[in-house]
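To start, the structure under review is shown below, and the notes come after it.
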Amino acid sequence: MQHTAEKLVNAANKSSGFTTDGSRNELPIIHRGDNLLVDARLLHRRLQVETRFNDWIIRRFEEYGFEEGADFYSNLSKSTGGRKATDYHVTIDVAKELAMVERNDIGRSIRKYFIEAEKKTRTSVLLAETSGTFAGLIPMMHGGHKTYSYTDVLRRLGFSTRSGSAGKRKERFGAHFYKLFGRNFVTDAFAKHLAEEKKLIDARLSLQLEL
C-alpha cells in the first residue's frame, strides 16, 4: 500500500505540473521583487550555443554593457567536480536580447517564448500571505509556480533546519525543490504538505503524552 505522504506528494506533483522524476520547464521565470529573471546557464543550453558557457556569458556582458545588480545577478555554487562555479540570473529583457543576437530560429522562438511568459507572469502579483500558516512569508514566482524559502517554511512549522534533515527531504521529493540565488525554495504544494505532516506528528506526540 502506498504511504500517505507519497500519495499527497504525487497528487501535488500532478496538480503543479511536475513529474516524479524531477523534470521541469527548462526555461523557468523567476520572480524576484519587481524583476523577472532567467537562469543564464539554462538559456545557454536551450540556445544550443557551442561556445563554453562562462566564455559566452562574460563576452555578452562585455559586448552589451550589462551591469551586475541591474541586468544580471551572480552567485557561487558547487559544481559536480567539487569546484565552485558562478551561476548567473539575467533579467527577462536581457534574456530576450541574448536570444535575439543569436540570429537563428531557436533564438527567435525563445524570444517569443519569453514575451508570452512575461505577460503571463506579470499578471500574477505576488504579495506576502495575509492569513493562514504562512502569513507574512513572501513567495517567489518560479516557472509559473508559487514557491517559498525552504528554511522559512521549516521554521514556521517548527521543523529542524539542519542540513541533514533538509537533505533527506530533498532527495525524496526533489521535484518540489528549486535552487534560487544559492538558497532552497519549495513549491506551495509541498509547503502545504509539510504543514499537514507537522499536524500529524503533533497529533501522535499528543496521543503518546496522554497515554
Side-chain angles (χ1 to χ4, degrees), residues 5 8-13 15-20 22-42 68-70 72-79 84-92 95 117-118 120-202:
L8 286 170
V9 172
N10 286 337
N13 281 334
S15 64
S16 62
F18 291 110
T19 56
T20 53
S23 61
R24 305 182 180 96
N25 181 349
E26 291 186 344
L27 288 170
I29 305 298
I30 302 167
H31 194 204
R32 185 187 190 192
D34 294 330
N35 287 324
L36 299 180
L37 305 178
V38 177
D39 187 319
R41 197 177 294 274
L42 290 181
E68 185 164 8
F72 69 91
Y73 301 85
S74 65
N75 65 276
L76 294 176
S77 64
K78 286 186 178 180
S79 67
K84 288 187 176 181
T86 302
D87 286 332
Y88 297 95
H89 288 86
V90 299
T91 65
I92 199 165
E118 182 178 18
K120 293 178 181 178
T121 303
R122 289 203 184 279
T123 59
S124 301
V125 179
L126 296 178
L127 301 174
E129 298 293 332
T130 57
S131 63
T133 305
F134 303 112
L137 298 187
I138 301 176
M140 288 183 62
M141 201 69 180
H142 183 72
H145 301 285
K146 186 193 298 186
T147 67
Y148 293 101
S149 161
Y150 180 48
T151 301
D152 289 346
V153 169
L154 293 180
R155 286 174 177 162
R156 178 59 57 86
L157 296 175
F159 278 117
S160 169
T161 59
R162 290 180 301 176
S163 59
S165 176
K168 290 179 181 178
R169 289 196 186 94
K170 189 173 182 180
E171 181 179 348
R172 186 176 180 187
F173 306 115
H176 287 275
F177 281 77
Y178 292 104
K179 196 75 170 181
L180 308 177
F181 313 110
R183 298 171 58 198
N184 284 320
F185 279 73
V186 293
T187 63
D188 177 60
F190 188 61
K192 291 176 180 177
H193 160 70
L194 287 177
E196 292 301 315
E197 181 180 300
K198 186 62 167 60
K199 288 180 182 178
L200 181 61
I201 292 173
D202 289 344

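Between Ile30 and Met140, the shortest heavy-atom contact is CG2-CE, 3.6 Å. Contact record, Phe134 with Ala191: CZ-O, 3.4 Å, taken as the closest heavy-atom pair. Between Ala95 and Val38 the shortest heavy-atom distance is CB-CG2, 3.9 Å. When all heavy atoms of Pro139 and Lys146 are compared, the pair lying nearest together is CB-CG, 3.3 Å. Looking at every heavy atom in both residues, Ala117 comes nearest to Ile29 through CB-CG1, 3.9 Å. Residues Ala195 and Leu157 come closest through the heavy atom pair N-CD1, 3.6 Å.
Residues Asn75 and His89 are in side-chain contact: their nearest non-hydrogen atoms beyond the backbone lie under 4.5 Å apart. Annotation: side chain of Lys198 is not in contact with side chain of Leu194 (no heavy-atom distance under 4.5 Å). Side-chain contact between Phe159 and Glu197: present, with at least one pair of heavy atoms (C-beta onward) separated by less than 4.5 Å.
Residues satisfying the salt bridge (Lys or Arg N to Asp or Glu O under 4.0 Å) criterion with Lys179, sequence neighbours excluded, are absent altogether. Under the rule for a side-chain contact (heavy atoms from CB on, under 4.5 Å), the partners of Leu200 that lie at least two apart in sequence or sit in another chain are Arg204. A search for side chain to side chain donor-acceptor pair (under 3.5 Å) contacts involving Arg183 returns Ser149, not counting sequence neighbours. A search for side-chain contact (heavy atoms from CB on, under 4.5 Å) contacts involving Tyr73 returns Arg32, Asn35, Leu37, not counting sequence neighbours. With sequence neighbours excluded, the residues satisfying side chain to side chain donor-acceptor pair (under 3.5 Å) with Ser74 are Glu68.
Atom CG in Asn184 sits 11.5 Å away from atom CG in Asp152 (nearest 0.5 Å). Annotation: the span from Thr187 atom OG1 to Phe173 atom CZ amounts to 11.0 Å, rounded to 0.5 Å.
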Would Tyr150 and Arg169 count as a side-chain hydrogen bond (donor to acceptor under 3.5 Å, both in side chains) here? Give the steps. CA-CA 11 Å; Tyr150 180 48; Arg169 289 196 186 94; 3.1 Å; yes
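In terms of modelled atom types and a separation under 3.5 Å, the side chain of Arg41 and the main chain of Asp87 share no donor-acceptor contact.
Two rings, from Phe177 and Phe190, have their centers less than 6.0 Å apart.
A salt bridge links Lys192 to Asp188: at least one charged side-chain nitrogen sits closer than 4.0 Å to a carboxylate oxygen.
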